[in-house]
Amino acid sequence: MANFSKPNVPQFAVDVYQNEYLPEGGREVNAIVTVTATGGGTVGGAVGAPHLYTPGRAPSAAVAVMVDCSGSMDYPPAKMRNARDATAAAVDTLRDGVHFAVIAGTHVAKEVYPGGGRLAVADASTREQAKQALRRLHAGGGTAIGTWLRLADRLLSSADVAIRHGILLTDGRNEHESPQDLRAALDDCAGRFTCDARGVGTDWEVKEVTGIASALLGTADIVADPAGLAADFTRMMETAMGKEVADVALRLWTPVGTTVRFVKQVAPAVEDLTGRRTESGPRSGDYPTGSWGDESRDYHVCVEVPPAHVGQEMLAARVSLVVPEPGTDSARSLGAQGLVRAVWTDDVAASTSLNPQVAHYTGQAELARTIQQGLDLRKAGDRDGATAKLGRAVQLASASGNADTAKLLAKVVDVVDAATGTVRLKAKVAEADEMTLETRSTKTVRVKK
């Protein structure tokens, strides 16, 4: 008989892809590090049956759903109704035993369910009570997202759980607190819970929503048509229910004389982690990656090594994965590691050959950056500059096989020749199309193995 008393914990693996060969005196070493978690009982983050969990095992998770209830949510009136329905769908997707709360966000944050500064525990009864409470949600007031996040943090931290996750929905700009207040809230919440952020309609600020998701290691997206909220919330909650291991950090050790140039997540989306390093020992630093279920992600590591002569070789970096040890300031290893090497050679063909994974993701990072630059230039009225940047983006998307981004670009520019990046700016662009391109510009495709 199977023993269900222990959770299915994913097993982690690390694979390194690089061209380790450098010319004499060469210093820059690039590697793509693929981290894969398997065996956690989920596939692609989705759960097979939303209300079920393994017998004898309490799901160690807490979720807070933050719903924008500012006055603009009443325009059109269907928007608030769709938000209520979407939150109800998310509640329905909670597994039994998961702690949860619903927050109404305006210029202040208010507990909708269960109230009293506490979290409910999901079962058939509490899910129904939460859905009844959602019917009382109405629009009115301003927008101060930092207050929503701080209330979510207080509620989530009250539960003794491994996974803490937020889902945030907004339809407008954060006009009732300063950017500094929001930044301070994000800084305080970072590392305490992850958060997916969604903008509904087209009256919100893309950089605010993507900034929230980036700071809290979640996803950001646009739901231009409020009718699509329920399906999107269901997918987000399914993914959250699939997380099994929280606070995983990518630990990078480098030898004396070696400098870390950058560490970036490059799949499934570009996220620069360089500035989030925390020192973890002599020549060792940790980069946060958030929570994991059954999934795979790619990271680009670039280090600068001391120059050396032909025939010499060295370990340029060692990559491992760690999680916090409960009740201590230390971390424990997840048992997977990869090595980044540097070998100096006078073989020109070897030292100039681009590793396919490194080349692919360098292009994907440039694609994300170029789209942002092109859209900023377009907003500033620099049509020539925007045309050049977005043309280069079309070229990169075509060359890398990023069909989704190519389709989004084609709604902003008329593509004359994708291979050369020859485009014309469209005279009229739907606001939803431009915002969708900007919001999803960091999404990448994986390299073809």
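FYI, side chains are in, hydrogens and waters are out, and symmetry mates aren't considered; it's all heavy atoms of this structure.
Glu271 and Ser214 share a side-chain donor-acceptor pair at under 3.5 Å. Donor-acceptor pairing under 3.5 Å is recorded for the side chains of Gln372 and Ser441. Asp286 and Ser280 are linked by a side-chain donor-acceptor pair at a separation below 3.5 angstrom, with hydrogens and angles left out of the test. If you check the side chains of Ser178 and Asp181, you find a donor sitting under 3.5 Å from an acceptor. Thr143 and His176 are not linked by any side-chain donor-acceptor pair at a separation below 3.5 angstrom, with hydrogens and angles left out of the test. Remark: the Tyr361 side chain and the Asp298 side chain contain an N/O donor-acceptor pair separated by less than 3.5 Å. Between the side chains of Tyr287 and Arg277, at least one donor N or O lies within less than 3.5 Å of an accepting N or O. With hydrogens and angles left out, the side-chain atoms of Ser400 and Gln364 include a donor and acceptor closer than 3.5 Å.
Asp329 is linked by a salt bridge (charged side-chain N to carboxylate O under 4.0 Å, His left out) to nothing, counting only residues two or more places apart in sequence or in another chain.
Considering only heavy atoms from C-beta on, Leu408 stays 4.5 Å or farther from Asp433 through its side chain.
For the side chain to side chain contact (heavy atoms under 4.5 Å, CB included) criterion with Val413, the lone passing option out of Leu437, Leu390, Thr422, Val429 is Leu390. Of the options Thr219, Thr170, Thr439, a side chain to side chain donor-acceptor pair (under 3.5 Å) to Arg198 is made by Thr219 and by none of the others.
A salt bridge is absent between Glu438 and Arg378; no separation between the charged side-chain nitrogens and carboxylate oxygens falls under 4.0 Å.
Nearest heavy atom pair, residue Arg150 against residue Asp188, reads NH1-OD2, 2.8 Å. The minimum heavy-atom distance between Ala393 and Ile371, with the atom names listed, is CB-CG1, 3.7 Å. Heavy atoms only, all atoms of each residue included: Glu244 and Pro10 are closest at CB-CD, 3.5 Å.
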